[in-house]
Amino acid sequence: MPVTVGPSTLTINHDRQFLISQPTATMAPQDDVGFYARDTRFVSGYAVTINGRPPRLLDAITVEHFSARYEFMTPELHLGPASDAGADGILPEGSVGFRLERTILEGVHEDYDLTNYATHPVRLLLEMQIESDFADVFDVRNHRLIRRGDLQTTWRPRIGELRSTYRNRSFRRALLVKVEKAGSKPEYANGRLVFLCELAPRAEWHVCLKWLPVIGPRPARTLHCHALTGEARVLHPLAPVELVTNHPTLPAIWRQAVEDTEALRMVDTTVRGGAFVPAAGIPWFVTLFGRDSLVVSMESISAFPEFAIGALRTLAQVQATDDDAEQDKEPGKIPHEIRSGELASLKLLPFAPYYGTADATPLFIIVLSYAYQWSGDVALLQRYRRNAEAALNWLLHYGDQDGDGFQEYSRRSSRGIFNQGWKDSWDAIRHADGSIPEAPIALCELQGYAFDALLRMAEIYDLLKESERAADLRERARRLYQQFNEVFWWEAEGTYYLGLDKEKRPMETVASNAGHCLASGIVPPERAGRVVDRLMADDMWSGWGIRTLSSQHPGYNPYSYHCGSIWPHDNATIAGGFRRAGRHVEAQRVAEGIFAAAERFDAYRLPELFSGLPRDAAAFPVPYLGANVPQAWAAAAVFRLVAILCGIHTVGRTRTMYVNPDLPDWLPSLTLRNLRAGHGAMELHLERDRVQAIGNTTGFKVVHGRLPRPALVEAPLARS
């Protein structure tokens with residue numbers, strides 16, 4: 001029987017704001033819950049009582065990603081002998097219904113509704129305790145709450161407004177709690193909003209509260225009263241791709257991935273017309289991350305091509321133009337993350353922005369190629385040419401720190417991140433004995449990303465009619481290809497070393513990183529099969545997915561962040577490498593494992609990661625405590641895995657979509673509706689031996705067959 005597992009909290013969000021509560025709607029300051037906006041926790045504690053007692057929870061659900069409803073009833077209450085509750089003054093349990101609705105936009109709108117089902121009038125005291133600590137998201141995450149500034153709270157009874165203000169030097173934040181449409185006059189006492197509610201039989205009582213964060217000069221917006229019962233929708237909806245199939249759970253997994261992706265989109269209003277960029281995940285990564293936004297753009301190019309355009313626009317604006325060691329910043333580099341909370345604003349952390357990532361810069365070039373391949377728009381290449389060339393210059397000069405031809409990273413910032421690949425926890429990269437290598441570190445997948453970026457940039461130069469520059473980059477790519485396969489190949493294990501340390505000693509560690517090399521094309525055909533076999537061996541393959549680290553390694557821990565856990569996006573990337581190597585059956589196994597895990601998680605939602613414990617007949621995927629849920633590249637992994645099974649690639653130069661489905665027994669056919677490419681959309685119906693495009697307005701012709709891939713000695717063709 002499937003076992004449902006998932007977080008005990010309830011989350012709603014929109015853009016850069018999110019709210020996490022217990023199912024009872026409560027929030028305790030010592031937990032990770034609260035109302036957050038722009039890396040600050042504006043509400044840290046919340047509780048509601050009726051006559052001093054918490055109401056009894058009946059159920060609570062998220063209605064949309066931006067809204068939630070909590071249903072309560074009153075417990076047994078002692079109203080006193082003077083009341084109409086009976087001779088003993090007791091109001092029986094369930095006599096009054098209590099509903100709380102929350103919606104989030106820039107602020108939070110709360111609707112409180114009481115309904116008296118007793119046969120006599122009742123008088124109740126409704127109290128809400130709302131606390132604000134204005135904690136930085138990093139302090140909350142590290143469970144290290146430090147009050148650095150001054151906090152004041154004032155109540156203005158005439159207008160029904162509670163104002164909490166926080167100041168620390170130039171950093172200022174405030175929260176307004178406004179009372180509107182109240183059924184009785186509000187009071188404020190002992191840190192609580194208090195309402196005396198008098199209800200006749202079958203009567204209803206209502207009040208609205210608005211939680212309004214004050215960050216800039218413009219007041220925060222909320223949705224209107226009782227938005228859940230109306231037609232309120234979040235602004236700028238995207239048109240999702242719909243998946244239709246007879247598979248019992250894949251449509252639900254796909255729909256949840258679509259909902260999570262839509263929920264995590266941020267609107268960059270600094271760009272003319274706005275641009276959609278994915279937030280990395282809730283609760284810790286609701287901001288712009290270079291690597292995450294680019295990985296999500298690649299994974300979701302077939303479902304949400306808007307993300308690639310948005311990532312390019314937004315990241316181009318914050319691409320580094322100077323050198324700053326404390327920010328790990330160098331000209332042409334794409335940032336790791338941008339924060340706007342107290343610690344970043346006051347430069348107590350170097351995250352405004354921070355550039356400590358070694359892979360986001362080559363990924364920027366790769367995503368530019370992806371966006372072109374799906375749009376066929378050469379103007380896109382011209383628009384971002386300077387940004388791509390700056391990224392290329394960083395790759396060739398700063399990325400190769402010692403001039404040996406390989407990409408390395410090392411931290412210059414005193415408060416930066418030590419590991420700067422996608423596995424960026426402090427202990428993620430290890431030698432065979434479990435020791436931590438000294439930097440600079442050259443990870444194997446970074447060489448694959450650089451190889452891929454060089455070839456894609458060469459094709460961009462070809463499209464811009466600059467053949468000499470294209471030829472030079474292809475020659476550089478060939479040299480990197482040869483050098484990488486000479487130095488990084490680990491013959492004894494049939495895979496690639498995890499990386500090289502400061503002394504150029506290879507890390508004899510079997511890890512999932514080698515699968516990214518398959519996806520980038522830097523692995524020769526005669527070695528690709530061995531890499532696939534090594535990644536599918538029992539110490540790497542759990543049954544749910546490929547582990548980040550071999551279970552035979554001394555540093556293995558299935559409950560760790562990067563040393564034995566399973567990441568859906570990692571597996572989706574590797575599955576793409578498997579298909580590129582011609583190992584379709586193994587790609588299907590990876591997809592089945594990830595989808596089987598999604599079936600067993602709450603709401604069919606894939607978390608950021610889960611434990612690497614093996615799968616057996618009675619097993620279920622064990623959560624990683626603290627995983628971001630929802631998380632963008634986990635959700636987008638669903639789109640990538642389906643595209644891999646369908647064998648979908650586009651070539652912008654010829655405006656051709658190649659579709660080469662190799663569907664497994666458990667998925668003999670499927671249909672993708674509203675599949676967007678160019679300036680149009682199509683419906684694509686796929687069976688094992690049949691491809692049918694319906695209502696095609698994209699301008700792309702659909703070819704049933706494999707994407708032609710020239711040998712490396714020829715002009716390599718970039719793929720989407």
Side-chain angles (χ1 to χ4, degrees), residues 8-10 19 21-29 31 33 43 45-63 67-103 108-131 155 157 160 162 177-211 225-229:
S8 60
T9 54
L10 189 150
L19 182 151
S21 75
Q22 302 297 336
T24 56
T26 59
M27 306 173 193
D31 295 335
V33 296
V43 174
Y46 171 87
V48 60
T49 59
I50 299 176
N51 283 24
R53 296 191 62 189
R56 293 202 60 178
L57 178 69
L58 301 174
D59 204 356
I61 63 167
T62 54
V63 181
S67 60
R69 174 177 286 181
Y70 310 78
E71 293 283 0
F72 304 91
M73 66 180 184
T74 51
E76 182 181 276
L77 297 176
H78 294 265
L79 302 184
S83 71
D84 292 325
D88 54 3
I90 294 178
L91 183 68
E93 177 184 78
S95 295
V96 177
F98 170 36
R99 172 180 292 169
L100 170 60
E101 292 179 352
R102 284 173 172 160
T103 59
V108 176
H109 185 116
E110 291 190 306
D111 288 298
Y112 295 80
D113 290 279
L114 299 176
T115 304
N116 181 17
Y117 296 108
T119 58
H120 49 77
V122 296
R123 300 178 72 226
L124 301 174
L125 206 61
L126 180 67
E127 298 179 271
M128 304 87 154
Q129 182 176 356
I130 303 172
E131 302 175 40
W155 166 247
L162 181 67
V177 178
K178 289 189 173 183
V179 180
E180 295 182 355
K181 301 181 181 179
S184 55
K185 182 181 178 181
E187 302 288 345
Y188 184 72
N190 299 320
R192 296 176 175 86
L193 286 171
V194 183
F195 298 89
L196 179 61
C197 311
E198 298 184 306
L199 293 94
R202 296 298 185 271
E204 297 180 351
W205 182 95
H206 172 78
V207 68
C208 294
L209 296 188
K210 290 183 177 180
W211 302 358
C225 184
H226 284 302
L228 297 189
T229 59

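Just so you know, these numbers use all the heavy atoms, side chains as well, and skip hydrogens, waters and symmetry mates.
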Just how far is it from atom SG of C208 to atom NE2 of H109, taken to the nearest 0.5 Å?
3.5 Å

Can you name the closest pair of heavy atoms from S95 and P92 and give their distance?
OG-O, 2.7 Å

Side chains of Q129 and E131: do they bring a donor and an acceptor to under 3.5 Å?
yes

So how far is it from L10 CG to Q22 CD, rounded to the nearest 0.5 Å?
10.0 Å

Please list, chain by chain and in numerical order, all residues satisfying salt bridge (Lys or Arg N to Asp or Glu O under 4.0 Å) with E76, sequence neighbours excluded.
none

Between T26 and A47, which heavy-atom pair has the shortest distance, and what is it?
CG2-CA, 4.3 Å

For residues 55-62, dump all side-chain donor-acceptor pairs below 3.5 Å to protein atoms at least two apart in sequence or in another chain.
{"residue": "R56", "atom": "NH1", "partner": "E93", "partner atom": "OE2", "Å": "2.3"}

Using residues 179-191 as the side-chain source, report each donor-acceptor pair under 3.5 Å to any protein atom, sequence neighbours left out, with the distance given to one decimal.
{"residue": "E180", "atom": "OE1", "partner": "K210", "partner atom": "NZ", "Å": "3.4"}
{"residue": "S184", "atom": "OG", "partner": "L196", "partner atom": "O", "Å": "2.9"}
{"residue": "S184", "atom": "OG", "partner": "W205", "partner atom": "NE1", "Å": "3.3"}

Roughly how far, to the nearest 0.5 Å, is the CG atom of L209 from the CG atom of D111?
9.0 Å

Using salt bridge (Lys or Arg N to Asp or Glu O under 4.0 Å) as the criterion, list what pairs up with E204, not counting sequence neighbours.
none

Among residues at least two apart in sequence or on other chains, which ones pass salt bridge (Lys or Arg N to Asp or Glu O under 4.0 Å) with R192?
none

For E110, check salt bridge (Lys or Arg N to Asp or Glu O under 4.0 Å) against everything at least two apart and list the hits.
R102

Angle between ring planes, W211 versus Y46, binned at 30° and 60°: parallel, tilted or perpendicular?
tilted

Heavy-atom closest pair (N116 atom, A118 atom, distance to 0.1 Å) is OD1-N, 2.9 Å

Sidechain-backbone polar pair: T74 side chain, V96 backbone, donor-acceptor under 3.5 Å:
yes

